[in-house]
Structure formats: C-alpha cells, structure tokens
2 protein chains.
Amino acid sequence: MMTLDQVRAFVAVAEELHFGRAAERLRMTQPPLSRQIQKLERTVGVTLLERDNRKVELTEAGRAFLDESYRLLALVDSAGDLARRIDGGATGTLRLGFTAVSAIGMLGPLLKDLDRSLPGIEVILHERVTAAQADGIRRGELDLGLARPPFDTSEFESRVVFREALCAAVPADHALAEVDRPLTAGDFDGVPVISYNPVQSRYFHELTVRFLTNAHPRVEQQVHQILTAVLLVAAGRGCALVPASARSLGVQGVVYKDLVDGGGDPDGSEVPGRPVELHAIWARGRRSPMLRRVLAQIGRMRLGEEE
Amino acid sequence: MMTLDQVRAFVAVAEELHFGRAAERLRMTQPPLSRQIQKLERTVGVTLLERDNRKVELTEAGRAFLDESYRLLALVDSAGDLARRIDGGATGTLRLGFTAVSAIGMLGPLLKDLDRSLPGIEVILHERVTAAQADGIRRGELDLGLARPPFDTSEFESRVVFREALCAAVPADHALAEVDRPLTAGDFDGVPVISYNPVQSRYFHELTVRFLTNAHPRVEQQVHQILTAVLLVAAGRGCALVPASARSLGVQGVVYKDLVDGGGDPDGSEVPGRPVELHAIWARGRRSPMLRRVLAQIGRMRLGEEE
DNA sequence: ATAAGTTGATACCTTCGCCGCATCGTCCGG
DNA sequence: CCGGACGATGCGGCGAAGGTATCAACTTAT
C-alpha cells in the first residue's frame with residue numbers, strides 16, 4: 001500500500017539525491033527513510049532510484065514518478081484548501097502566478113474585476129518569475145500564470161491579457177533625461193545600458209536587442225528582473241529598457257522616456273506601439289469549470305487598452 | 001497528517017452514506033472507520049459529513065472534497081502505472097541520431113514501423129554525421145544512432161539495420177552514362193572520381209578505395225558527405241561511388257549506374273552485392289527498457305531486404 | 001598501500017498508532 | 001416505553017514505523 005509519507009520521502013530523496021540530507025529534511029533518520037523508499041519501490045514494482053554506495057540517481061521511471069508525485073502532493077494540499085474555502089463560503093479558488101512587474105500594471109485592476117464579476121472565487125497569489133510559473137503549473141501548484149512569452153505550446157495554452165509600450169529608464173542626472181522627444185536607438189550609441197539575461201529573462205533581452213539593433217550601446221550588466229534593472233538605473237549604472245508600467249514603481253532618481261514607436265518594431269507583428277505582451281497561461285487540457293469562468297471573464301476585460 | 005487511507009475511507013462513507021456498509025466495503029469494522037473520518041476532518045479543519053444518529057450526508061465542503069478525492073486516488077494509481085509502463089519500455093522518448101543519406105533509404109519506413117509497433121514511444125530526430133552521433137551518445141544526448149562503421153566496440157554496441165549496394169553517380173553527359181552494363185573498376189581508369197575524406201568519411205573512403213583497387217582513376221576531391229559528392233557529380237566535376245539509396249536524392253544531371261557485384265568484394269565478408277552497411281549504435285551497457293524494446297523491434301524489421 | 005571517512009543497507013529494540021471487540025448514548029418506530 | 005439501528009467511545013493487543021548501533025562497499029587522502 002502506497003502512502004503519502006512514502007511519496008514525500010521519495011520526493012525528498014529525488015530532490016536531494018542523498019539519503020542523509022533527505023532524511024534531515026524530513027526530520028527523521030536515514031535508516032527508516034531507506035526502508036520507506038524500498039517499500040515504495042516494492043509496491044510500485046519498479047526501481048525508482050538507482051543507488052550504489054557512492055551516488056543516487058533517478059531512473060527514467062523515477063523521473064516520471066517524481067513528476068506525478070509533485071502533482072499528487074499539490075492535490076493533497078489543494079483538496080484541503082478547497083474544502084476550507086468552500087466551508088468559508090467561497091465557490092472556488094484560483095491559484096494565480098504573476099511576475100513582480102506585471103503586478104504593477106494590471107494585477108490590481110484584474111483582481112478588482114474578478115472580485116466584482118466572480119465574487120465567490122478566492123484568488124491566491126504567488127509571485128514567481130516566468131519559468132517558475134511554468135513549473136508550478138506543470139506540477140499542479142498553480143491554476144493560471146501571468147507570464148512572458150515564449151512558452152512550450154504543446155504543454156501550455158495562453159492568451160494575451162495585456163500589452164504596453166517599452167520605454168527607457170534613465171538616471172535623473174543623465175543627459176538623455178533632458179531630451180524632449182521620443183528616444184531612438186541611435187540615442188543610445190555609446191551609452192551604458194543595463195541589459196537582460198538572454199536565458200532567464202529572454203523576453204526582455206530580445207525586446208532590448210531588437211530595439212537597439214544598429215545602435216552601439218555599452219552593455220553593462222545582464223539582470224533577470226525588471227525591478228533590478230530599474231534599481232541599477234537609479235544607482236546611475238546606466239539606462240535600461242523597461243515596460244511602461246515600470247513608471248508606477250516609484251523609484252527615486254529615475255526618469256522614464258518614451259521610445260519611438262513605443263519601442264516596438266513598426267514592421268513587426270505586434271500591436272503598433274505596444275510591443276510588450278503579458279500572457280495568461282494554463283496547462284493544456286486542464287480547464288476546470290472555475291478556470292473556464294475566469295478565462296471567460298479575462299477575455300471580456302480590456303486591460304491593455306484603457307488609457 | 002492526512003493519509004491516503006483516510007481519503008479512501010472518506011470516499012467509501014461518502015458513497016455509502018452509511019458507516020457500517022462503508023466499513024464492510026473497506027473490510028474493516030465500523031469503530032476505526034469512524035475514528036479515521038474524525039481524524040481526517042480534524043486535519044482538514046472542516047466538517048465533511050453531517051451525521052446525526054439517523055443519517056449521514058455530505059456537507060458542501062465534503063462534496064468538493066469528494067471530487068478532489070477521486071482525482072487524488074486516480075492520480076495515485078496512474079502514477080504507479082506510468083512508472084511501470086516506462087520501466088517496461090512501453091512509454092518513453094527515443095533520441096535518435098541519423099545521417100542525412102541514411103534518412104533517404106530507411107528512416108521513413110523505420111519511423112513508420114516504430115510508430116505502429118511501439119506507439120507510446122516518442123522519437124526525437126537529430127541529423128548528425130557519424131562522429132557527432134558517437135559524441136552525442138557518449139554524452140547522453142542521444143539514445144541511438146544510425147551511423148556507418150567502424151565504431152569503438154569497447155564503448156558502443158551495434159547492429160546492422162540496413163544493407164545496400166554501392167553504385168556509381170555519373171554526370172548525365174559523361175561517357176560512362178551510356179554504358180549498358182554494370183561498371184567495373186577498370187571502367188574508371190583515368191576518369192575523374194570524387195573521393196571521400198579518409199578520416200571524416202572513413203567508411204565510404206574505404207569502400208571506394210577497395211572497389212577501385214588496381215584501377216587508376218584521377219582522384220579529384222575528398223568530400224565528407226554523400227550529398228556533397230552527388231552535387232559535385234551534378235556539377236560535372238567527376239564520378240562518385242555512392243550508396244544505392246542516393247538514387248532517391250533526385251539531383252538533376254546525375255545518372256546512377258550499377259557496379260559489378262553491387263560494388264562489393266565477392267571474396268569479402270559482407271553480404272554479396274550489398275556492401276554498404278548502416279548500423280544502429282548505442283552506448284554499451286546503457287540499455288534502458290525502452291531502448292531494449294526499440295532494438296527488439298528493429299531486429300524484427302527487414303529494412304535492407306524489401307526490394 | 002593503507003587508513004579514515006562517506007553513504008546506503010541491515011539488525012534489533014522500542015514506541016505509538018490502528019484495528020477489533022465490547023459497550024455506550026441517542027434517536028426512531030412500534 | 002421498549003427494542004433496534006447507528007455512530008461514538010473505552011480498552012487491549014499487535015504490527016508498523018522510527019531510532020540506535022553496526023555493517024559493507026567504496027572513495028579519498030596521506
């Protein structure tokens with residue numbers, strides 16, 4: 001008989017790849033942990049962990065089982081949560097992931113709108129970067145994410161929920177802060193620019209690179225969050241290209257300047273002047289009735305076009 | 001701490017709406033069942049079943065929890081099933097390397113056959129030359145390669161999956177294009193011949209050299225891919241010896257002529273008339289169940305003998 | 001080459017939780 | 001008012017899980 005404790009034990013070992021540390025994490029000693037894993041393997045009938053006396057590693061079947069284990073444990077938690085929320089009068093719970101900066105621009109209005117149109121639904125917020133949101137959705141910890149493209153479309157479905165312009169964040173004492181017109185790529189020739197990590201912040205990396213094509217900025221540093229970029233700008237380390245909603249961050253010592261064409265590519269496929277997209281993403285095929293209602297409501301909103 | 005037994009107990013009671021019958025279904029007596037339900041309700045923190053001494057019924061929260069319980073128990077079963085299927089090799093991903101020209105002759109039928117006989121297995125294709133396939137297998141990037149001999153047998157295991165004849169690719173306006181019989185080595189005396197790089201394309205280099213032993217062709221250029229050789233032939237730079245499947249390449253201005261004995265050595269060790277071998281290779285000792293099944297299936301096919 | 005240190009598995013013991021039996025308390029029907 | 005039905009509770013025994021000590025295999029360092 002498989003037990004949840006065995007599943008939790010397996011997850012700990014699979015993540016640590018070390019029985020001793022896993023046991024510590026589980027607040028138990030190593031011997032019973034070994035026995036639990038053995039027992040789990042016996043009931044499943046499959047070797048999940050390949051272990052010799054030097055190292056522990058997951059088998060192919062173990063990797064798949066780990067994946068299911070995350071879903072399982074997430075479901076255990078959420079089942080209890082759900083019962084408690086309903087007991088408290090709610091009709092549903094939406095576990096919503098969001099990125100820090102998307103929150104500034106549209107999370108407030110989104111939540112207000114949801115609360116008004118679907119009052120029984122309780123929203124539980126989880127701030128995560130895009131990749132962590134995808135992980136969370138995959139593991140069943142989140143129902144919906146607000147994240148930046150690109151996503152694996154075989155795994156996730158998505159819908160654009162917000163579009164905005166790209167603009168420049170400039171130190172208040174910088175020469176560009178005085179320019180009284182939309183900036184062009186050429187304005188950044190030789191200017192220190194805070195850039196984005198091409199992997200962890202791929203979306204803004206590509207937007208930045210695209211806008212600055214043919215310009216020759218001095219790329220200063222590669223960050224992976226908008227907020228970090230703005231703070232570095234405030235510290236005078238250079239300029240950065242950020243979504244327009246970053247204006248609301250209220251960081252002292254930073255001036256925001258418009259870009260020509262809103263920072264977008266006039267020949268590109270995006271909406272003119274609003275190249276920065278935020279998508280709602282969810283697991284393909286895992287549309288609960290609650291999620292369906294939320295998506296329908298989000299579809300009715302006009303979050304990127306109110307101004 | 002919630003346990004799966006408690007969830008199963010709850011499901012039984014929720015379905016029977018009667019502790020006695022539920023206990024019977026669970027093959028236990030009624031008292032411990034009552035206690036398990038109480039414990040579950042304590043850990044969840046919600047009354048799931050409203051019971052007076054005459055009847056049992058689900059609360060609103062209990063109905064929602066029942067729903068999640070079904071999902072939970074289904075996931076418990078399916079997690080084990082999935083692990084067993086993968087362990088049995090019925091499901092998995094095969095990362096398959098292949099050379100461009102091998103694809104023409106047999107990759108299509110191979111993939112079709114695999115898809116029919118092992119439908120749970122997803123094949124991801126990587127086009128690479130033989131050496132790069134060996135590298136990929138060594139690094140664990142590929143599970144299986146379709147490549148030309150020779151291989152380091154201490155590191156790789158292999159199996160012949162396809163045999164074909166060697167033939168001559170001749171420019172359409174070349175004198176040899178008119179010859180109405182299988183060509184011999186002597187026919188190439190003094191004729192410009194595109195040859196192969198003895199290192200990067202060792203296999204075809206050796207086949208060519210062996211066939212042309214005692215002949216005196218004018219070796220023109222050493223290429224390392226079949227396709228390049230054929231394109232040079234089309235450009236009129238000379239003749240080349242290529243595997244029979246290159247006929248399907250459809251390059252204009254090239255005529256293919258049979259060779260005596262299919263280009264092979266009648267006293268050699270290979271199959272008469274089909275000296276060009278394609279091997280499936282994999283890392284020695286790294287036979288996953290999935291790979292084992294794929295190899296078994298490949299063994300059942302008759303890919304080199306259908307014509 | 002040998003000794004010391006790691007790491008997962010095993011042996012043995014203790015403890016704690018679950019099950020079953022017996023019984024209780026309450027409500028309903030006759 | 002009494003008997004029956006049903007879920008809750010008290011109690012004793014047993015089995016499963018955890019802890020300590022130790023083993024076996026292997027790596028690393030001196």
Side-chain angles (χ1 to χ4, degrees), chain A residues 1-63 65-66 69 72-73 76 80, chain B residues 1-59 61-63 65-66 69 72-73 76 80 285:
Chain A
M1 178 59 60
M2 190 190 311
T3 72
L4 289 177
D5 281 338
Q6 286 167 5
V7 175
R8 292 193 191 93
F10 170 73
V11 169
V13 176
E15 286 181 353
E16 300 285 347
L17 293 177
H18 188 290
F19 279 70
R21 283 194 298 276
E24 192 176 349
R25 213 171 90 178
L26 296 165
R27 292 153 193 277
M28 63 193 290
T29 54
Q30 169 264 321
L33 176 57
S34 285
R35 284 194 296 262
Q36 290 292 0
I37 298 294
Q38 290 163 12
K39 201 166 188 176
L40 176 62
E41 287 181 325
R42 276 192 57 203
T43 59
V44 176
V46 170
T47 302
L48 301 172
L49 292 159
E50 202 66 60
R51 42 206 190 273
D52 58 26
N53 287 324
R54 211 60 205 165
K55 66 181 188 302
V56 177
E57 56 187 15
L58 281 164
T59 63
E60 197 63 37
R63 257 186 291 281
F65 193 81
L66 177 60
S69 298
L72 190 62
L73 296 179
V76 168
Chain B
M1 179 60 58
M2 192 191 308
T3 72
L4 288 176
D5 281 338
Q6 286 168 6
V7 175
R8 292 194 190 91
F10 170 73
V11 169
V13 176
E15 286 180 354
E16 300 286 346
L17 292 177
H18 189 289
F19 279 71
R21 283 194 298 275
E24 193 176 348
R25 212 171 89 179
L26 295 166
R27 295 154 193 276
M28 63 193 291
T29 54
Q30 169 265 320
L33 175 58
S34 287
R35 283 194 289 260
Q36 290 292 0
I37 299 293
Q38 291 163 13
K39 201 166 189 177
L40 177 62
E41 288 180 325
R42 274 193 57 206
T43 60
V44 175
V46 171
T47 302
L48 301 172
L49 292 158
E50 203 66 60
R51 44 206 189 271
D52 58 29
N53 287 323
R54 213 59 203 166
K55 67 180 186 303
V56 178
E57 58 185 16
L58 280 165
T59 64
R63 254 186 294 281
F65 193 82
L66 177 61
S69 298
L72 192 60
L73 296 178
V76 169

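We name chains A, B, ... by the order of the sequence lines, and we start the count at 1 in each one.
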Task: Per-nucleotide protein contact string for nucleotides 4-13 of chain D, where B marks a base within reach and S marks sugar-phosphate only (heavy atoms under 4.0 Å, - for neither) - done: BBSBBBBB--
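The nearest whole Å value for the distance from the NZ atom in Lys39(B) to the P atom in dC16(C) is 13 Å. For the pair Leu33(B) CG and dG20(C) C1', the interatomic distance rounds to 13 Å; values are reported in whole Å. dA9(C) atom P lies 9 Å from atom CD of Glu41(A), rounded to whole Å. Atom C1' of nucleotide dG8(C) and atom CD of Glu24(A) are separated by 16 Å, given to the nearest angstrom. One atom, CE of Met1(A), and another, P of dG15(D), lie 18 Å apart when rounded to the nearest Å. In this structure, Gln6(A) places its CD atom 11 Å from C1' of dA17(D), rounding to the nearest Å. The separation between Gln36(A) atom CD and dT10(C) atom C1' is 15 Å, rounded to whole Å. Straight-line distance from the CZ atom of Arg8(B) to the P atom of dC19(C): 12 Å, rounded to whole Å.
Side-chain contact between Met2(B) and Leu40(B): present, with at least one pair of heavy atoms (C-beta onward) separated by less than 4.5 Å. With a 4.5 Å cut-off on side-chain heavy atoms, Gln36(B) and Asp5(B) do not count as touching. In this structure the side chain of Arg8(A) reaches within 4.5 angstrom of the side chain of Leu73(A), judged on heavy atoms.
For the pair Arg63(A) and Glu60(A), the salt-bridge criterion is met [side-chain N within less than 4.0 Å of a carboxylate O].
Environment of CD in Glu24(B): sparse, with no more than 12 heavy atoms of neighbouring residues, nucleotides or ligands closer than 6.0 Å. For Glu15(B), the CD atom is densely surrounded, since the number of other residues' heavy atoms within 6.0 Å is greater than 12.
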